[in-house]
Amino acid sequence: MNKNFCFNGSLTFQIEATARIFYSYAKEYFGSFVKNKISLEEFYVLDTLVHYPHLNKSSIAKTLLRDLFFTDKIITKLIKKHYLKEIKNNGTDIQVKYFELTKAGEKIYQDCTPRNDYMLAVLVKFISEKELVNFTKTLLKIRNILISLES
């Protein structure tokens, strides 16, 4: 057994640990700001639909890298809160449901969006904006390489 290799020091572990810490912090801060009106996961779905209108559940799940069950649960919550409405595509034989933000959904999205930049502002105190942009590009490049290897 090679005792020189420690998984905790690997790139895989460091990315996972950093992502979990970042997500936990973001979720806590976001929740304290919106006071349980909407969860961070619900905000992600709204944000996705703002940038990619009329996606179906499957497309939302793929975009957010989540499973369909999770996405369905979040969409159901957003519909119950009247932040989303279901649109049925009756133009084809296959019944596909798409989703649109309601007026209330647009309002909550606008109210929450400025707070989304708070974590970036915290990081910029310690890391330059240029470094963050380069890091984001590098993560995207790694993700695209891994996705291409899967297919």
Side-chain angles (χ1 to χ4, degrees), residues 7-8 10-125 127 129 132-151:
F7 181 73
N8 292 355
S10 71
L11 177 64
T12 304
F13 181 82
Q14 293 305 318
I15 290 172
E16 174 70 16
T18 304
R20 285 178 186 251
I21 292 166
F22 193 83
Y23 180 75
S24 176
Y25 182 74
K27 192 172 182 174
E28 183 181 319
Y29 178 76
F30 188 83
S32 69
F33 170 73
V34 298
K35 297 177 179 45
N36 297 323
K37 294 178 194 168
I38 186 171
S39 71
L40 185 57
E41 293 84 2
E42 292 167 343
F43 178 78
Y44 289 163
V45 171
L46 291 182
D47 184 67
T48 301
L49 288 169
V50 164
H51 292 93
Y52 306 103
H54 304 294
L55 291 180
N56 61 24
K57 287 179 188 176
S58 176
S59 298
I60 293 169
K62 285 179 184 175
T63 302
L64 294 175
L65 305 173
R66 295 293 198 145
D67 62 46
L68 195 54
F69 177 76
F70 173 85
T71 305
D72 188 43
K73 189 170 90 173
I74 296 299
I75 288 171
T76 301
K77 286 180 182 179
L78 288 167
I79 290 171
K80 284 181 182 176
K81 292 180 178 182
H82 304 289
Y83 294 152
L84 277 186
K85 62 183 172 186
E86 214 172 56
I87 311 246
K88 295 180 181 175
N89 183 7
N90 294 324
T92 63
D93 292 337
I94 300 171
Q95 188 81 16
V96 179
K97 296 176 186 174
Y98 298 94
F99 302 93
E100 250 181 26
L101 273 71
T102 62
K103 295 268 186 213
E106 289 175 11
K107 181 175 179 354
I108 194 78
Y109 177 79
Q110 291 301 324
D111 290 348
C112 295
T113 300
R115 302 316 288 165
N116 199 32
D117 294 334
Y118 173 79
M119 289 193 58
L120 180 61
V122 169
L123 289 175
V124 170
K125 291 179 184 177
I127 303 170
E129 217 170 315
L132 284 174
V133 168
N134 288 336
F135 180 65
T136 303
K137 286 179 182 177
T138 302
L139 286 176
L140 183 59
K141 184 177 180 179
I142 291 169
R143 188 174 78 215
N144 287 335
I145 289 168
L146 294 173
I147 289 169
S148 71
L149 291 175
E150 285 180 355
S151 50

Looking at T102 and H82, would you say the former's side chain and the latter's main chain have a donor-acceptor pair under 3.5 Å? yes
So, for R66 and T71, which heavy atoms are closest and what is the spacing to 0.1 Å? CB-OG1, 4.0 Å
If you draw a 6.0 Å radius around CD in Q14, do more than 12 non-hydrogen atoms from other residues or ligands fall strictly inside? yes
Kindly compute the distance separating OG (S59) from CG (L64), expressed to the nearest 0.5 Å. 11.0 Å
Relative to the ring of Y98, is the ring of H54 parallel (under 30°), tilted (30 to 60°) or perpendicular (over 60°)? perpendicular
Is the backbone N or O of I21 less than 3.5 Å from a side-chain atom of S24, with the two atoms forming a donor-acceptor pair by type? no
Y83 and side chain to side chain contact (heavy atoms under 4.5 Å, CB included): which partner among I75, L49, L78? L78
Can you see which heavy atom on I38 is nearest to which on C112, and at what distance? CG2-SG, 3.8 Å
Determine whether L101 and L84 satisfy the following criterion, side chain to side chain contact (heavy atoms under 4.5 Å, CB included), listing intermediate values before the conclusion. CA-CA 5 Å; L101 273 71; L84 277 186; 4.0 Å; yes
Among I87, L55, I79, which residue meets the side chain to side chain contact (heavy atoms under 4.5 Å, CB included) test with F99? I79
To the nearest 0.5 Å, tell me how far L68 CG sits from K62 NZ. 9.5 Å
Could you tell me the separation between the CG atom of L65 and the CD1 atom of I147, rounded to the nearest 0.5 Å? 6.5 Å
Rounded at 0.5 Å granularity, tell me how far NZ in K137 sits from NZ in K141. 11.5 Å
Taking everything shown except F135 itself, do over 12 heavy atoms lie less than 6.0 Å from its CZ? no
Does atom CD (E86) have a neighbourhood of more than 12 heavy atoms from anything else shown, all under 6.0 Å? yes
Evaluate K37 against D111 for side chain to side chain contact (heavy atoms under 4.5 Å, CB included), listing each step before the verdict. CA-CA 11 Å; K37 294 178 194 168; D111 290 348; 5.7 Å; no
What's the separation between atom CG in L146 and atom CD1 in I142, rounded to the nearest 0.5 Å? 7.5 Å
Enter the distance from K73:NZ to K57:NZ here, rounded to the nearest 0.5 Å. 13.5 Å
Stepwise, does the salt bridge (charged side-chain N to carboxylate O under 4.0 Å, His left out) test hold for K77 with E41? CA-CA 11 Å; K77 286 180 182 179; E41 293 84 2; over 6 Å; no
Return the orientation label for the H51 and Y109 ring planes: parallel under 30°, perpendicular over 60°, tilted otherwise. perpendicular
